[in-house]
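Data first, discussion second: the structure below is written as structure tokens.
This structure is a prediction, so every number in the text was calculated from the model and none was measured.
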Amino acid sequence: MDLYLLKFPYRKILTPLAKKLHWLNPDIVSYTAVIVAAVTGWCFYEASDLHFLLLVAIGLTLIRMTLNTIDGVMAIQRGKHSLEGEIVNALPDRYSDIFVVGGIALSPLRRDWLGLAALATMFLVSYTGMLGKAIGVSWQHHGPMGKVERMITMMVFALFQFFLLPDRQAITFGNVAITPMEMAMGLFIVLGQYTVLRRLMGQIKEIHEKEMAGPQLSNETKAIVVYD
């Protein structure tokens, strides 16, 4: 099961809180999540010297996940679901991803090429998901490395990294030393590319279904016109 689906039961949990925040604009919650993500990225960047910041980054990631969920709940409760709302829902998330993964990519806890490749793969995953809407099919949320999965992966490996610091930063396999955050970036790349493939396959499937339904719908329409 894709972890993306877990947001629906989490929405139910947050519904009472969303009702209490009726005075707050949902867009403010979305933008606050960007600020939280920026601080999270800074924590990852500085964590090699101040290793307690890894725990702070984990906590902030949980807060970001909550904010990203509750803003949608608030918007639905107020009937503010709109095309403009979709922009506010999607674009700030992309900035958040840049801040967080960028902080890891620039930190001493990973090799430069791994961080850059993970950042590029993350963009491809997001782009492929949104591409569905652009070509007239659904927004693709297939995993196994969507936004929710990425955040959980970062939290797990950040905790792993915390227990290695400050004594040592990496684990040695033969002559190769690799840090937990590099392992996370590696998963971003490998599972991210598989996610891109799954999302493309989902889009192609929907396109074929539309193409098959199109002529049938057209024939039915013609029959109705003739009958009338």
Side-chain angles (χ1 to χ4, degrees), residues 1-47 53-105 118-119 122-123 125-134 138-143 145-159 184 188 192 195 199:
M1 180 185 72
D2 293 330
L3 294 180
Y4 167 79
L5 298 177
L6 294 177
K7 83 171 189 176
F8 296 107
Y10 195 37
R11 277 182 175 179
K12 291 183 179 180
I13 294 173
L14 293 175
T15 297
L17 176 59
K19 290 180 179 178
K20 292 179 180 179
L21 296 175
H22 60 86
W23 51 272
L24 187 62
N25 190 317
D27 292 351
I28 295 176
V29 178
S30 300
Y31 296 133
T32 301
V34 179
I35 297 172
V36 171
V39 178
T40 305
W42 175 81
C43 288
F44 279 122
Y45 179 74
E46 295 287 352
L53 289 178
L54 288 167
L55 297 181
V56 177
I58 293 171
L60 290 174
T61 301
L62 287 170
I63 292 173
R64 178 194 166 193
M65 291 174 71
T66 301
L67 293 174
N68 286 160
T69 303
I70 201 170
D71 62 352
V73 177
M74 294 169 67
I76 292 171
Q77 286 180 348
R78 301 178 190 197
K80 292 188 66 176
H81 184 72
S82 63
L83 293 177
E84 184 178 339
E86 288 195 25
I87 296 175
V88 177
N89 183 50
L91 189 58
D93 264 354
R94 304 292 76 77
Y95 276 100
S96 295
D97 289 338
I98 292 172
F99 290 139
V100 176
V101 182
I104 297 172
L119 195 59
M122 180 191 67
F123 275 117
V125 169
S126 297
Y127 172 76
T128 309
M130 291 185 287
L131 182 61
K133 278 231 164 184
S138 64
W139 193 321
Q140 302 294 309
H141 297 287
H142 299 294
M145 196 50 75
K147 183 180 75 174
V148 175
E149 291 90 346
R150 288 196 300 268
M151 288 195 281
I152 291 176
T153 299
M154 283 188 290
M155 288 191 291
V156 169
F157 282 90
L159 189 62
F188 272 33
T195 300
R199 293 185 176 190

Leu159 meets the side-chain contact (heavy atoms from CB on, under 4.5 Å) criterion, sequence neighbours left out, with Leu55, Ile58, Phe163
Here the gap from Ile28 atom CD1 to Leu67 atom CG, rounded to the nearest 0.5 Å, amounts to 12.5 Å
Exactly one of Met151, Lys147, Arg64 clears side-chain contact (heavy atoms from CB on, under 4.5 Å) with Ser96, and that residue is Arg64
Within a strict 4.5 Å, meaning less than it, do heavy atoms of the Ile70 and Leu21 side chains meet? yes
Residues passing the side-chain hydrogen bond (donor to acceptor under 3.5 Å, both in side chains) test with Ser138, sequence neighbours excluded, are Gln140, Glu206
On a heavy-atom basis, the closest approach of Glu149 and Gly143 is OE2-CA, 4.1 Å
Across all chains, not counting sequence neighbours, the salt bridge (Lys or Arg N to Asp or Glu O under 4.0 Å) partners of Arg150 are Asp97
Name the orientation class of the two ring planes belonging to Phe99 and Tyr95 (parallel below 30°, tilted from 30 to 60°, perpendicular beyond 60°). tilted
Residues Ser30 and Asp71: closest non-hydrogen pair is OG-OD2, 2.6 Å
Residues at least two apart in sequence or cross-chain that pass side-chain contact (heavy atoms from CB on, under 4.5 Å) with Phe157, listed by chain then number, are Thr153, Phe160, Pro180, Met181, Met183, Ala184, Leu187
Residues passing the side-chain contact (heavy atoms from CB on, under 4.5 Å) test with Thr195, sequence neighbours excluded, are Val125, Pro144, Met145, Arg199
Query raised in the report: Hey, are the side chains of Phe123 and Ile98 touching, using non-hydrogen atoms and a 4.5 Å cut-off?
Result: yes
Value for CG (Leu91) from CZ (Arg94), rounded to nearest 0.5 Å, stands at 8.5 Å
For Gly102 and Leu119, the nearest pair of non-hydrogen atoms, with its separation, is N-CD1, 4.2 Å
Margin query: Taking the side chain as everything from C-beta on, heavy atoms only, tell me whether Leu53 gets closer than 4.5 Å to Trp42.
Written below: yes
Residue set satisfying side-chain contact (heavy atoms from CB on, under 4.5 Å) with Thr40, at least two apart, ordered chain then number -> Val36, Phe44, Ala57, Leu60, Thr61, Val100
Here the pair of heavy atoms bringing Tyr31 nearest to Pro92 is CE2-CG, 3.9 Å
